[in-house]
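In the text below, chain A, chain B and the rest are named by the order of the sequence lines, each starting its count at 1.
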Amino acid sequence: MEIASVIVDVPAKQTDRAFDYLIPDKWRDTIQPGMRVVVPFGPRNIQGFVIELKKESEVKQLREIIEPMDLEPILNHELLALGNWLTENTLCFKIFAYQVMLPAALKAKYEKLVKLAPGVEISALPLSLHSYFVKNGKLDWQDALKNGIVSLLQKETAKGHLEVQYIVKEKVRKKQRKYIRPLVSQAVLTEEMGKLPVNAEKQKQVISFFIERFAPIEMRLLVAELNITASTVKALVGKRILGEEEVEVYRDPYEHRSFERTKPMPLTKDQQTAIEPILNAVEQNLHEVFLLYGVTGSGKTEIYLQSIQEVIEKGQEAIVLVPEIALTPQMVNRFKGRFGDLVAVLHSGLSAGEKYDEWRKIQRKEVKVVVGARSAIFAPFENLGIIIIDEEHETSYKQEEMPRYHARDVAIERAKTYSCPVVLGSATPSLESFARAQKKVYHLLTLPTRMNNQTLPPVEIIDMREELREGNRSMFSRKLFDMLKDRIEKKQQTVLFLNKRGHSSFVMCRDCGYVMNCPNCDISLTYHRVNEQMKCHYCGYESFVPKACPECSSEHIRYFGTGTQKVEDELGKILPEARVIRMDVDTTGRKGSHERLLKDFQDGKADILLGTQMIAKGLDFPNITLVGVLSADTMLHLPDFRSSEKTFQLLTQVSGRAGRHQLPGEVIIQTYTPEHYSVELAGTQDYDLFYQQEMLNRKMHHYPPFYFLSLITISHEQLLAVVSATEKIVNYVQSRLSPEAVVLGPAASPIPRINNRYRYQCLIKYKREPNLTTTLRTILDQYQKDTKSGLQVSIDVNPFILM
DNA sequence: AGCACGCCGACT
DNA sequence: GTCGGCGTGCTC
């Protein structure tokens with residue numbers, strides 16, 4: 001095997017295939033499929049993934065691999081195959097499929113520089129260039145561009161005085177710590193100490209330290225301990241009395257934390273019934289998908305933990321997926337508490353280096369369990385025994401950039417390979433999953449009651465239109481206000497939830513109704529209070545807030561969209577005695593602040609926790625007896641067929657935060673549309689009825705789970721070009737599919753223009769279309785090939801956002 | 001995606 | 001005649 005097929009790190013249609021390279025003799029036994037390599041590609045050097053080895057190639061003039069970037073494959077056989085599967089199913093470039101499986105730290109960094117050719121003196125260059133090369137004979141290309149000397153450099157390169165160098169680098173280095181250890185025996189140490197000059201006080205100190213404590217020690221500890229500098233130690237190293245060595249260490253994000261070990265808890269009867277089929281599948285290595293449907297507080301996590309216990313005892317591994325916002329310290333504690341050092345955690349709060357280190361623990365099989373957000377589904381385990389997806393209905397499991405995969409689909413694909421079970425857990429399952437459970441595609445397991453048999457808290461729905469009619473113009477209903485006061489008096493805690501999503505704060509003129517729009521995108525600008533600016537979330541356009549309306553010069557400018565900050569201000573006015581903790585992107589930006597704010601709330605340092613999405617999940621504090629939802633319907637009117645489902649899920653989720661312990665809880669939901677079934681049924685916490693209602697809706701409008709969706713979005717600078725291209729695509733799709741399929745379009749996207757590009761779309765609804773993937777592939781091939789038409793086509797199979 | 005190559009207009 | 005503008009096509 002002397003030839004390697006390589007997928008190169010160039011995300012483009014034309015390079016989306018394997019390129020063959022000769023393996024130099026010295027690497028012939030080293031290079032294997034799944035390794036990253038540096039290869040020459042045109043004039044540059046870039047990173048690539050070896051996907052297979054072979055004896056022959058159709059290409060005659062092969063170039064040689066420059067060097068391997070790994071000592072061992074970082075993608076095993078299964079993951080390489082999974083990459084192919086991803087490519088085919090999400091229609092993405094191969095390179096994206098492989099990159100998504102690895103921590104960002106392993107993505108290549110490229111450097112281009114110019115240096116003196118070997119044997120060439122700096123005097124050979126024109127005088128004006130000397131200053132750039134005096135330092136080390138090298139010049140970064142970026143600096144050359146800045147100084148406008150590129151053409152000069154090119155001339156010298158042509159003459160052979162200079163050469164261009166392309167370097168492939170790793171983004172993050174492995175963390176190394178320097179250790180110092182004695183190289184000679186204690187007796188020799190004593191002897192050497194005597195030989196030292198009288199004034200070498202510090203060196204003597206170091207030697208006597210090692211005589212006393214004859215063991216390696218980390219350099220920084222040694223330096224701190226003896227109050228010396230590294231140079232003292234260096235001197236002894238130079239005399240070969242001491243030796244230094246670099247030891248690779250992990251950045252441990254949980255280094256200074258101890259976890260209280262927990263034991264398996266006795267299961268309730270319901271839990272017992274639910275866990276049995278899972279354990280059975282684990283024992284017998286059966287691939288089966290379970291839908292664990294259990295109300296909030298019914299003890300799903302204990303079922304996960306005990307199933308994993310079984311898997312570990314069998315010598316296998318487990319992946320647990322949790323939505324990013326639910327990956328709270330509380331959640332991590334439960335897993336670390338039960339399995340200790342066998343757990344790796346992967347979430348966005350970690351630095352790139354920390355993520356890389358957690359990932360390496362998995363790869364080296366030092367851990368048995370991974371708890372993480374979406375991308376943790378690619379954890380490089382090789383003996384998977386179970387995959388658990390908590391809060392299965394969460395939309396964050398779908399990635400919205402390439403590769404546009406859904407973690408649930410990847411989980412099932414991997415579980416098939418390993419012949420192991422998948423457990424999908426939720427109190428409010430997605431309609432898709434529940435429908436599959438009804439059709440016996442998934443195995444339904446139910447936990448109908450909360451543990452300790454607490455009842456779900458009573459929910460009251462307040463009609464805010466009524467409040468308005470009766471003269472209450474504040475954002476708090478009278479009832480909620482009274483109850484807030486009551487809880488403060490009783491020294492109990494309240495969670496106030498504000499759903500801001502889809503309701504950006506925009507600025508409108510109250511006289512003429514003028515709304516500030518982005519000049520490049522057909523979307524209103526969002527008001528940012530921090531620097532008093534208007535920003536476009538799609539292209540980054542910024543402008544100042546106008547003092548007067550640009551249209552009618554009126555000064556009655558109003559800020560719409562209630563933000564958490566505004567609620568906090570209002571609370572300060574009407575309930576000045578209340579201590580409030582606000583949690584949103586602004587207050588939790590810094591590392592660890594999320595955790596700290598929750599800790600403060602838990603310790604009773606505040607009466608009210610006010611926040612967005614991020615407080616809807618996982619909060620479990622005994623003193624919370626009131627949950628208030630300020631406006632339930634902010635996302636009900638979005639152009640999204642899932643908006644009812646999302647509203648119901650969110651309201652149910654939030655309600656579950658109250659009264660989880662001894663004290664009974666209450667929930668207040670404020671809304672402008674109390675008659676909507678998703679609000680009403682969230683009030684009675686009746687998932688089954690909601691499911692039936694929503695299924696009727698979906699059936700009527702040909703939406704999932706009755707139909708699959710695929711969305712093609714086409715964009716171009718000219719409106720006419722997009723419309724005609726979309727028309728062509730719609731016709732083509734229609735001609736290739738069965739009459740059963742519904743092909744909608746051309747229609748303008750919900751955001752009809754982004755960054756001065758018009759956007760049109762074609763939505764396909766279908767049940768079974770074996771031709772569809774090839775059809776979509778053909779379209780992509782067609783349009784990605786010719787870049788000169790200026791048309792951009794992107795395809796989302798099973799889209800979650802129709803924009 | 002880069003980058004070279006190549007073909008045209010504006011200069012020393 | 002040469003420099004440098006950007007359109008076209010290739011990268012094992």
| Stepwise ring-ring contact (aromatic ring centres under 6.0 Å, His included) check, A/His406 with A/Phe800 | CA-CA 10 Å; A/His406 196 297; A/Phe800 267 59; 5.4 Å; yes

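- We find that CG of A/Asn45 is positioned 15 Å from C1' of B/dA1, with the value rounded to whole Å.
- Taking atom OH on A/Tyr166 and atom P on B/dG2, their separation rounds to 11 Å, with Å as the unit.
- The separation between A/Gln154 atom CD and B/dG6 atom P is 15 Å, rounded to whole Å.
- A donor-acceptor pair shorter than 3.5 Å cannot be found between the side chains of A/Glu324 and A/Ser396.
- Protein atom CD1 of A/Ile167 is 17 Å distant from nucleotide atom C1' of B/dG2, rounded to whole Å.
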| note | The contact string for nucleotides 3-12 of chain C, one letter per nucleotide 5' to 3', using protein heavy atoms under 4.0 Å with B, S and - for base, sugar-phosphate only and none, comes out as -S-----BBB

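- By the 30° and 60° cut-offs, the orientation of the rings of A/Tyr766 relative to A/Phe708 is tilted.
- A distance below 6.0 Å separates the ring centres of A/Phe19 and A/Phe41.
- Side chain to side chain, A/Asn755 and A/Tyr541 fail the donor-acceptor criterion of an N or O pair below 3.5 Å.
- Of the side-chain N and O atoms in A/Lys112, none sit less than 4.0 angstrom from OP1 or OP2 of B/dG2.
- Sorted by first then second residue, the side chain to side chain donor-acceptor pair (under 3.5 Å) pairs that include residues 789-800 of chain A, not counting sequence neighbours, are A/Lys398-A/Asp796.
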